[in-house]
Structure formats: structure tokens, C-alpha cells
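So the structure is just underneath, and the comments pick up after that.
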Amino acid sequence: MQGLIQRVKHAKVEVDGQVVGQIEQGLLLLLGVEKHDDQQSTDKLLHKVSNYRVFSDENDKMNLSLQDIQGELLVVSQFTLAADTKKGMRPSFSSAATPAQANELYEYFVSQARVMGLSVATGQFAADMQVSLCNDGPVTFNLTV
């Protein structure tokens with residue numbers, strides 16, 4: 001499972017011109033699910049996303065997590081993160097989870113994040129989405145479990 005997080009001042013997702021998810025300060029998470037992923041790997045990634053220290057403290061050091069600042073989380077499914085780009089000029093998606101498995105783990109991730117008390121917005125699974133954001137820093141990390 002892969003999660004590309006971006007520290008944002010604000011972010012939103014639109015589908016067919018309608019906003020389906022929107023946050024203020026927090027993290028935009030592009031979530032990629034692979035065939036071998038399960039609820040355990042999902043739990044590990046959620047722990048990492050919610051506790052990864054990417055926000056500045058009073059000394060301008062990245063010492064605070066999403067939970068520390070009570071920031072918001074926008075979760076967007078992104079199957080292209082599972083692409084193998086090592087050979088050739090066209091990505092291979094052979095390691096990506098099936099849509100059913102990916103959706104199940106995506107929904108599980110979102111529900112568990114809400115159980116933790118995080119303020120969560122989402123995109124729309126398998127939709128053609130337009131994502132807008134103001135990357136703060138810019139700060140971007142690829143988290144894997």
C-alpha cells in the first residue's frame with residue numbers, strides 16, 4: 001500500500017464540476033492499493049499518515065503530526081501509484097489491486113480514520129476526478145508499508 005501525502009493549506013476534489021470533498025489545513029492523501037494489501041497494511045499506513053510529523057512547531061521544525069494540529073485529511077483513491085515504471089515507456093498495473101479489493105480497503109481506511117477522530121473528506125472511488133490543492137512548502141512524501 002502506498003500513500004502520497006502532501007501538506008496543504010487547502011484542497012478539494014471535483015467530479016463532473018461538483019465538489020465532492022474539500023479540506024482546509026491538513027493532508028491530501030493519494031492512496032494506492034496493491035494486490036498483497038490487507039486490513040493490517042491499511043492500519044499501518046493510517047497510523048503513519050496520522051502521526052507522520054510534517055507540520056512545523058514553534059521553532060519551525062517539522063515536529064507536529066496531523067493529529068497534533070487537528071488538521072483535516074482528504075483521501076483520494078489513486079490506482080496509478082501501484083504502477084511499475086521500471087521498464088519501457090508505458091506503466092504496468094499488474095501489481096494493482098482489483099477494483100473490488102481496492103475499494104474495500106479504501107473504504108476501510110476512511111472509516112478507520114473517522115473512528116480515530118480525524119476530520120476526513122474523500123474523493124469518489126473510480127471516478128474521473130479533478131484535484132486542486134495548495135501544497136504548503138511544498139511538502140510531499142511517499143509513504144509505503
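On a predicted model such as this, the values are computed, not experimentally measured, just so you know.
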- Query: Given M62 and R53, is the side chain to side chain contact (heavy atoms under 4.5 Å, CB included) satisfied, shown in steps?
  - Reply: CA-CA 6 Å; M62 280 197 260; R53 298 182 304 170; 5.5 Å; no
- Mind checking whether L45 and L31 have side chains closer than 4.5 Å, heavy atoms only? yes
- Task: Could you tell me the separation between the CG atom of L133 and the NE2 atom of H10, rounded to the nearest 0.5 Å?
- Result: 8.5 Å
- Query: Side chain of N103, backbone of A100: donor and acceptor closer than 3.5 Å?
  - Reply: no
- Message: Tell me if a side-chain donor or acceptor on D37 pairs with a main-chain N or O of M1 at a distance below 3.5 Å.
- Response: yes
- Over all heavy atoms of both residues, which pair between S41 and V145 is shortest? Give the atoms and the distance, please. O-CG2, 3.4 Å
- Whether N51 side chain and H47 backbone form a donor-acceptor pair below 3.5 Å: yes
- Please report the closest heavy-atom contact between V54 and F141, naming both atoms and the distance. CG1-CE1, 3.6 Å
- Task: Looking only at non-hydrogen atoms, find the nearest pair between S95 and A82 and report the distance.
- Result: OG-O, 2.8 Å
- Residues S94 and D84: side-chain donor-acceptor under 3.5 angstrom: no
- Could you tell me whether a side-chain N or O of Q25 sits under 3.5 Å from a main-chain N or O of E72, the two making a donor and an acceptor? no
- Query: Once you round to the nearest 0.5 Å, how far does CG of D128 lie from CG of D16?
  - Reply: 8.0 Å
- Okay, side chain of Q2, backbone of L81: is any donor-acceptor separation there less than 3.5 Å? yes
- Task: Flag yes if L105 and L143 sit in one hydrophobic cluster, no otherwise; membership is Ile, Leu, Val, Met, Phe, Trp, Tyr, and two members link when side-chain heavy atoms are under 4.5 Å apart.
- Result: yes
- Item | Criterion side chain to side chain contact (heavy atoms under 4.5 Å, CB included) on Q67 and M116, from CA distance to verdict | CA-CA 9 Å; Q67 288 189 328; M116 288 179 64; 2.9 Å; yes
- Shared hydrophobic cluster, L29 / V19 (ILVMFWY, side-chain heavy atoms < 4.5 Å): no
- Look at the side chain of N59 and the backbone N and O of K61, then say whether any donor-acceptor pair between them is shorter than 3.5 Å. no
- Query: What pair of heavy atoms forms the shortest contact from Q101 to K35, and how long is it?
  - Reply: NE2-O, 3.0 Å
- Message: For F93 and F79, take the angle between the two ring planes, folded into 0 to 90°, and tell me which bin it lands in: parallel under 30, tilted 30 to 60, perpendicular over 60.
- Response: tilted
- Item | Distance (rounded to the nearest 0.5 Å) between T85 OG1 and R90 CZ | 14.0 Å
- Take Y52 and L27 through the side chain to side chain contact (heavy atoms under 4.5 Å, CB included) test and state the conclusion after the steps. CA-CA 10 Å; Y52 213 67; L27 294 175; 6.0 Å; no
- For Q130, does the CD atom sit with more than 12 other heavy atoms under 6.0 Å from it, leaving out its own atoms? yes
- Task: Supply the atom-to-atom distance L46 CG to Q39 CD, rounded to the nearest 0.5 angstrom.
- Result: 12.0 Å
- Query: Do V49 and F55 belong to the same hydrophobic cluster, where Ile, Leu, Val, Met, Phe, Trp and Tyr are linked whenever their side-chain heavy atoms lie under 4.5 Å apart, directly or via other members?
  - Reply: yes
- Item | Atom pair OG1 (T42) and CD (E104), whose distance is rounded to the nearest 0.5 Å | 9.0 Å
- Is there a side-chain contact between T122 and V20, using heavy atoms and a 4.5 Å cut-off? no
- Report yes or no: do Y108 and V110 belong to one cluster of Ile/Leu/Val/Met/Phe/Trp/Tyr joined by side chain heavy-atom distances under 4.5 Å? no
- Given L73 and I23, is the side chain to side chain contact (heavy atoms under 4.5 Å, CB included) satisfied, shown in steps? CA-CA 7 Å; L73 178 64; I23 63 167; 5.9 Å; no
- With a 4.5 Å limit on heavy-atom distance, are the side chains of M129 and V76 in contact? yes
- What are the two closest heavy atoms between S77 and A126, and how far apart are they? OG-N, 3.9 Å
- Could you please spell out the steps behind the side-chain hydrogen bond (donor to acceptor under 3.5 Å, both in side chains) verdict for T140 and N135? CA-CA 8 Å; T140 303; N135 191 322; 3.0 Å; yes
- Query: Does a side-chain heavy-atom distance below 4.5 Å link S56 with N63?
  - Reply: no
- Task: Output yes when a side-chain donor or acceptor of R7 lies under 3.5 Å from a complementary backbone atom of P138, and no otherwise.
- Result: no
- Message: So for atom NZ, which belongs to K48, do other residues, nucleotides or ligands contribute more than 12 heavy atoms lying within a distance under 6.0 Å?
- Response: yes
- Message: Could you see if L28 belongs to whatever hydrophobic cluster contains L4? Use Ile, Leu, Val, Met, Phe, Trp, Tyr and a side-chain cutoff under 4.5 Å.
- Response: yes
- Expected output: side-chain D43 to main-chain Q40 donor-acceptor under 3.5 Å: no
